[in-house]
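Note on naming: letters A, B, ... go to the chains in the order of the sequence lines (proteins, then strands), and numbering restarts at 1 for each one.
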Number of protein chains: 2
Amino acid sequence: MIVSNKKNVSIKDIAQLSGVSVATVSRIMNNSGRYSQKTRDKVLKIIRETGYERNSLATSLRINKSNMIGILVPDIANEFYASVLKKAEQALFKLGYSTIICNTERSVERETAYYRMLIEHRVDGLISVSSASNQMPLSAKYAIPIVFIDRDPHSASEMIVTTDHYAAGRDLTRLLLSQADDLCLVMTKSRPSSTMDRVQAFKDELSDRGISADGSILALNTTSDKFLQRHSDLENFIQIKHQEGRRLGVFAINDNVAYMVLQVAKRFHLSVPEDLIVTGFDGMSIASISQPTITTIVQDSTAIANQASQLLVDAIKKNNDNDVQHGTIHVPYQLAQRKSTLPEAKK
Amino acid sequence: MIVSNKKNVSIKDIAQLSGVSVATVSRIMNNSGRYSQKTRDKVLKIIRETGYERNSLATSLRINKSNMIGILVPDIANEFYASVLKKAEQALFKLGYSTIICNTERSVERETAYYRMLIEHRVDGLISVSSASNQMPLSAKYAIPIVFIDRDPHSASEMIVTTDHYAAGRDLTRLLLSQADDLCLVMTKSRPSSTMDRVQAFKDELSDRGISADGSILALNTTSDKFLQRHSDLENFIQIKHQEGRRLGVFAINDNVAYMVLQVAKRFHLSVPEDLIVTGFDGMSIASISQPTITTIVQDSTAIANQASQLLVDAIKKNNDNDVQHGTIHVPYQLAQRKSTLPEAKK
DNA sequence: TTGAAAGCGCTAACAA
DNA sequence: TTGTTAGCGCTTTCAA
């Protein structure tokens, strides 16, 4: 089974064994021409026999290019991020890059440490998903290209790929308004830019109709894992509205929170969508599994990942900074109407 | 914002700017002593001013050690693997290693390509989760340590960390037998070793009691994503048993399949666990979200990841191959009894 | 079509 | 405590 557990064989060994110079071996490895078919065959044979594998550390050092991309992501175990990650890794692999994935857990310390590590490894570019450090620009200090996913623009030269959370939030709010007497928004304590955009959309839509959002935004003290905790604010809110005979429309900040709202409703024996309507956000599987299924915004993680990867690789390849595309790219989303809201939105 | 978008500053630049030799700078960077406090301060100041970052490509090349670990995983977007991945990455980062994650999609081609890539990048070790290539031993060709997660042993010298799928499968089958008149096992076409162990346990437990497993193993033509497809085999089976007035116990190969079985039961207006009982496997969130909740084996992904990481790093650090631990490590699991089986198992 | 040689950025003897 | 130097494995002129 063990072909050669001796020391690693290097290009020098190959050169020696096949009686040519290292330069020739290198040319053959890289298909850069300037060798005869005969030498090629001979060298390739030796390479096969010895099981030689190029040391890409040395190559990267020499050509000053690592063909590695770093991805900073808040949580690999989150379904949405995992899906973006998977697609990005696929796209980048096809484009000839390997991916180093870094789980930041929204900690600025970890993010900084990872950023350093990636720079030290001389990654050719970086994708930063929903960065924690809004103050730290992950600056172009080392002049490596960075593409952000889900981030508010801080300067005109940034490359950002994102769902239009604001527009989607508006859509959802409009839908809720058409079916409910009163609205509230339920969110968690975590405040990435995507969340803030959704909240702003909610407020603006209400305000456009002359409705005050005061007191109707509930921030839950929860992590998205703890579905079954008690949340007295939310419970009170729901009960009061029900007692007043008004149908409540709940704008949940994401699908997990929407599911949690559904659980609370069930505890009070309120039926959704008859007594209470709910929307989620993201289009995660819980929204199609839960009962009732949850009306939500389905983000296109594949498109997001592909766009970001392509943009990054383009930026890496262009040496002229003016050629690369800057600014925010909005990826289309879908409003999936399901059972947690009424079947037909009335106009 | 841009501190220095000029060419990268190297150790040579630092040496020059601070009026010492590169050796001194190197010693200071690595805290290897042999320098005065005064020089240290001076050099550190220059490093800070220039924003110098070590080129770890060069370091790795020189010391023949990359501090990088590769992880081959069948699917990042799968909840169980994602969770193992996350924990492993955390553990390895703490141990001073960066992680390159490779999504193999159970394709032997991709697995091979990634393996090569990782070798070329001179990773110090490898974690292979539920490998697709049972024939290819991912051999010790390059003498780098490999820890497998979820794999059947092929040789005594392998390091394997896994839940004891066989024992857990036995437990589940016993539980089902105590509550149902007839059993069946529902699986998909995918056949990793973990699946096969579960199936074997099911068969053995039946056989120990003199029951034949013939015809009671259904392999569904489905991916785990397509919950709502029709599966006539399964449907027939369920209907027939119900007409015969016998309570069926379904051993679903994992939680997703169990959920699917629940959907089928619902279509036939059969109630779980009264008319039909079901168990899952893995302990994924769907098993606690679905209605009814699903009795399942909860795998300890954290323990698996930690064990694997620790084992790998130990193997890397030991230069003497005899010092490292070999063989299979079974990580404890939990049988979570929930609503898809009867409240109390009768003896 | 081939080879000699310089050098990418770093570490580690060894000498001072 | 510091510096000189060789060399890790590779690519790439340049010359032959």
Side-chain angles (χ1 to χ4, degrees), chain A residues 4 6-44 46-47 50-68 116-117 119-124 142, chain B residues 4 6-44 46-47 50-68 116-117 119-124 142:
Chain A
S4 113
K6 295 285 157 223
K7 58 195 276 95
N8 269 317
V9 16
S10 81
I11 196 174
K12 228 186 264 172
D13 302 318
I14 301 299
Q16 206 146 24
L17 286 170
S18 34
V20 298
S21 71
V22 290
T24 302
V25 177
S26 174
R27 287 189 205 104
I28 291 170
M29 291 284 303
N30 298 309
N31 295 308
S32 37
R34 308 152 129 296
Y35 48 75
S36 68
Q37 186 62 39
K38 217 181 91 195
T39 0
R40 189 187 134 90
D41 293 344
K42 185 173 55 184
V43 170
L44 251 29
I46 300 287
I47 288 179
T50 52
Y52 166 71
E53 300 276 2
R54 166 216 312 272
N55 183 335
S56 58
L57 260 29
T59 305
S60 298
L61 175 60
R62 180 61 232 242
I63 69 179
N64 198 29
K65 178 158 181 11
S66 66
N67 286 309
M68 300 207 294
R116 256 194 85 108
M117 183 274 277
I119 292 299
E120 290 190 350
H121 280 81
R122 296 296 189 268
V123 292
D124 294 335
Y142 296 95
Chain B
S4 111
K6 294 287 157 220
K7 56 193 278 95
N8 268 319
V9 16
S10 83
I11 195 174
K12 227 186 266 174
D13 302 319
I14 302 299
Q16 207 145 25
L17 288 169
S18 34
V20 298
S21 72
V22 289
T24 302
V25 178
S26 175
R27 286 191 207 104
I28 290 170
M29 291 285 302
N30 298 308
N31 294 309
S32 37
R34 311 151 128 299
Y35 48 76
S36 69
Q37 186 63 38
K38 216 180 96 196
T39 3
R40 188 187 135 90
D41 292 344
K42 185 173 56 184
V43 170
L44 252 31
I46 301 287
I47 288 178
T50 53
Y52 166 70
E53 301 275 3
R54 165 215 314 270
N55 183 336
S56 59
L57 260 28
T59 305
S60 298
L61 175 61
R62 181 57 233 241
I63 68 178
N64 198 28
K65 177 156 181 16
S66 66
N67 284 310
M68 300 207 294
R116 255 193 86 107
M117 182 275 277
I119 292 298
E120 290 190 351
H121 281 81
R122 295 296 190 268
V123 293
D124 295 335
Y142 295 96

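- In this structure, A/H121 places its NE2 atom 13 Å from P of C/dC10, rounding to the nearest Å.
- Nearest nucleotide to the A/S21 side chain, out of C/dA4, D/dT5, D/dG9: C/dA4.
- Rounded to whole angstrom, the span from the CZ atom of B/R62 across to the P atom of D/dC8 amounts to 8 Å.
- The distance from atom CG of B/D13 to atom P of C/dG9 is 8 Å, rounded to the nearest whole Å.
- DNA chain D is contacted by both A/A23 and B/Q37; B/Q37 maps to the nucleotide lying nearer its 5′ end (nearest heavy atom per residue).
- Residues B/I28 and B/R40 come closest through the heavy atom pair CD1-CA, 3.7 Å.
- Put simply, the side chain of A/R34 and the base of C/dT2 share a donor and an acceptor less than 3.5 Å apart.
- In the interface, the side chain of B/R27 is paired with the base of D/dG3 through a donor and an acceptor atom under 3.5 Å apart.
- Distance NZ (A/K38) to C1' (C/dT2): 13 Å, rounded to an integer number of Å.
- Residue B/I11 comes nearest to B/V22 through the heavy atom pair CD1-O, 3.7 Å, listed as atom of the first residue, atom of the second, then distance.
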Given B/S56 and B/T59, is the side chain to side chain donor-acceptor pair (under 3.5 Å) satisfied, shown in steps?
CA-CA 5 Å; B/S56 59; B/T59 305; over 6 Å; no
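- In this entry the distance linking CG of A/N31 with P of D/dT12 reads 13 Å, nearest Å.
- Shown here for B/G33 and B/R27, the closest heavy-atom pair between the two residues is O-CD, 3.5 Å.
- Taking atom CG on B/N30 and atom P on C/dC10, their separation rounds to 10 Å, with Å as the unit.
- Side chain of A/K12, nearest nucleotide from C/dA13, D/dC8, C/dC8: D/dC8.
- Backbone-only engagement by A/T39 is indicated by non-hydrogen atom pairs under 4.0 Å involving sugar-phosphate atoms exclusively.
- Here the shortest heavy-atom pairing between A/S66 and B/H121 reads O-NE2, 4.0 Å.
- Along DNA chain C, the nucleotide nearest B/N55 and the nucleotide nearest A/T24 are compared for position; the residue whose nucleotide lies closer to the 5' end is A/T24.
- The interatomic distance linking A/N64 (CG) with C/dC8 (P) rounds to 11 Å, in whole Å.
- Listed candidates were D/dT11, C/dG9, D/dT4. Nearest to the side chain of B/A58 is C/dG9.
- C/dC10 atom P lies 9 Å from atom CD1 of B/I14, rounded to whole Å.
- Here B/S36 lies in heavy-atom contact (under 4.0 Å) with sugar-phosphate atoms only.
- For B/R54 and A/R40, each mapped to the nucleotide of DNA chain C holding its nearest heavy atom, the one lying further toward the 5' end belongs to A/R40.
- Heavy atoms of B/I63 sit under 4.0 angstrom from primed sugar atoms or phosphate atoms, though from no base atom.
- Both B/V22 and A/S26 lie near DNA chain D, and the one whose nearest nucleotide falls closer to the 5' end is B/V22.
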